[in-house]
Amino acid sequence: MEAKKLIYLDNNATTPCDPRVVEAMLPYFTTHFGNAASRNHPFGWAAEEGVDYAREQVAQLIGADSKEIIFTSGATEAINLALKGAFEMYRKKGNHIITAKTEHKAVLDTCKKLETMGAEVTYLDVQPDGLIDLAQLEAAITKKTILVSIMWANNETGVIQPMAEISKICEKHGALLMSDITQAAGKVPVDVKKMGIHLAAFTAHKMYGPKGVGALFVNRIKPRVKVTAQMDGGGHERGMRSGTMNVPGIVGFGKAAELASREMQRDAERLSKLRDKLQKAFGEILEEVVVNGNQEHRMPHVTNISFKHVEGEGLMMTFNQKIALSSGSACTSASLEPSYVLVALGLGDDLAHSSLRFSLGRFTTEEDIDQTIAAVSAGVNHMRDLSPIWEMYKEGIDLSNVQWSEH
Ligand SMILES: *Cc1c(COP(=O)(O)O)cnc(C)c1O
C-alpha cells in the first residue's frame, strides 16, 4: 500500500523547520559548540560570532537595530519579560495596563499575574470582526497607563490590528506600546520602528525556525525603554536575560528570519491564493458556512471557518488521520470550552464549537488544498446527514435554544 502523506494545516500552532535552517544550525552543535559568553578562546568567539550574525538577521526582519534584540526561550518568555519587566520598571509612573480580550494566553495570563501584584488591567472588547475599537482604546487610557499591549495578528483568526493608529494613540498619551508580533513576523512586513512599537515579542518556531528560541525587541532610542530582568544570573543579554545562550537555536532563528525576509512576499501571494481557493470552495460546496473575523485585515495564510450545526471536534475526527488542523474548541480539564477568541468576536458557543482554523504554510501544496476541500466537505456532509439538529434546521425549526451535548 502506498503511504499516504499527512497534510499539515496547523502552521499557526507551529511550523516545521526549514531544511535550510537545520543545515545552518548543525555546525553549532558540534564544531562550534562553545559558550557564547566565553570571551577568551576561539570556541567562545565562534559561538559569539554565530549569535551576532543571527542578531543582525533577526533585527533586520522587523526593522530593528541588533542592539535592541534580547534572545529568549520563545515568545511566552519574551512576553513575560516585556509585561512584567515594564511593570516593575515603570510602576512608579503608574500601574495601569491595557490589552484586549483576544490576546494570546501568554499575554492574558501574565496580565492576570500582574493584577495580583498591584496592576490594574483593562481588557478591551473587540468588534465582531475582531478589530479593537480605537475610540474605546483611547477612552481607556488614564494618567496611570504605562503600557498598551496589542498583538499584531491573531493566532486563531489571522485578523491584523491597526498598529499604526494604535501607536499614534499611545504616543499622544505617553504610553508604551508592546506588541505580540509572533504570528506576523516573517509572514507580513513588520517594521517596529516605523510603527512606533516599543516592545515586541516573537518566536522562531512559528516562522520555520526551531522551537525553544524567541526574542524581545526593546526600543533603545526615543524613547529608551528598559525592562527589569525576570531571570537573574550571569547578566547576559545586557542584563535583561541571564542564561547561557541557545547558540544553535539562535543561529537557526537568524537563518529563518533571513529566509522569511527574502521569501515572505512570494509565500504570501501563493498562500493567499490557496487560502482563498479553500474558502471559496467551501462556500460553493456547502451551505451555512461562515468565515470568522475581518477578511480584509487578515494574514494571507489563515482562515477560520464555522460549519454551522456541525461540531468541530467531531468533524475533525472524520479526517484527522490525514489532515492536521485546529478546532475552535479548547480542551480544559473537564470539558471542551469554546475558543475565548471567537466568543470575544460575539460568536455563540455553538458557532465557536463548529469552527475550524486552517493555517497554511511554506510547504503547503495545491494538492493538499484540493484534498482538504474534498475531505472536509465530505466530513461536513456526513456529520450533517447523521445530525438531528441539521434535520431540524432544514425543517425550519428554531435552533436558538438547542444545547450542544458537551454543556
Ligand atoms: C505561539 C504563540 C505564542 C507563544 O510562543 P512560544 O514561543 O511557543 O512561547 C505567543 N503568542 C502568539 C500569538 C502565538 O501564536
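Atoms within each ligand, like the ligands themselves, are counted from 1 in listed order. All values below were derived from every heavy atom in this structure, side-chain atoms included, with hydrogens, water molecules and symmetry-related copies excluded.
Interface of T182 with ligand 1, defined as ligand atoms under 4.0 Å from a residue heavy atom, comprises 2 (C), 10 (C), 11 (N), 12 (C), 13 (C), 14 (C), 15 (O). Of all the atoms in ligand 1, the ones that sit under 4.0 Å from a non-hydrogen atom of G74 are 7 (O). Taking every heavy atom of K206 and a limit of under 4.0 angstrom, the matching atoms of ligand 1 come to 1 (C), 2 (C), 3 (C), 14 (C), 15 (O).
Between the side chain of H104 and the backbone N or O of A106, at least one donor-acceptor pair lies under 3.5 Å. Judged by distance alone, with hydrogens and angles left aside, the side-chain atoms of Y208 form no donor-acceptor pair with the main-chain N or O of G186 at under 3.5 Å.
Contact annotation for K211 and ligand 1: no heavy atom of the residue comes within less than 4.0 Å of the ligand. Under 4.0 Å from ligand 1, the heavy atoms of H205 that appear belong solely to its side chain. Only the side chain of N155 comes within 4.0 Å of ligand 1, counting heavy atoms alone; its backbone N, CA, C and O stay farther away.
Nearest protein heavy-atom contact of atom 11 (N) of ligand 1 is D180 OD2, 2.7 Å. Nearest non-hydrogen protein atom to atom 5 (O) of ligand 1 is A75 CB, 3.2 Å. Taking atom 9 (O) of ligand 1 as the reference point, the nearest protein heavy-atom neighbour is T76 OG1, 2.5 Å.
Of the candidates M151, Q183, H104, K105, the one placing a heavy atom closest to atom 3 (C) of ligand 1 is H104.
Just one of R262, R362, H301 meets the side-chain hydrogen bond (donor to acceptor under 3.5 Å, both in side chains) condition when paired with D267; it is R362.
The N/O atoms of T203, backbone and side chain alike, include one that comes under 3.5 Å of an N/O atom in ligand 1. When only interatomic distances are considered, the shortest N/O to N/O separation between N12 and ligand 1 does not fall below 3.5 Å.
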Donor-acceptor contacts, no H, no angles, side chain residues 44-54, under 3.5 Å, sequence neighbours left out:
| residue | atom | partner | partner atom | Å |
| --- | --- | --- | --- | --- |
| W45 | NE1 | R39 | O | 2.7 |
| E48 | OE2 | R39 | NE | 3.4 |
| E48 | OE2 | R39 | NH2 | 3.3 |

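For the salt bridge (charged side-chain N to carboxylate O under 4.0 Å, His left out) test, no residue two or more places apart in sequence or in another chain qualifies with E88.
Here the shortest heavy-atom pairing between S359 and N11 reads OG-N, 2.9 Å.
If you check the side chains of Y393 and E288, you find a donor sitting under 3.5 Å from an acceptor.
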>> The test is side-chain hydrogen bond (donor to acceptor under 3.5 Å, both in side chains); show your working for T157 and N304 and say whether it passes.
In response: CA-CA 5 Å; T157 59; N304 187 305; over 6 Å; no
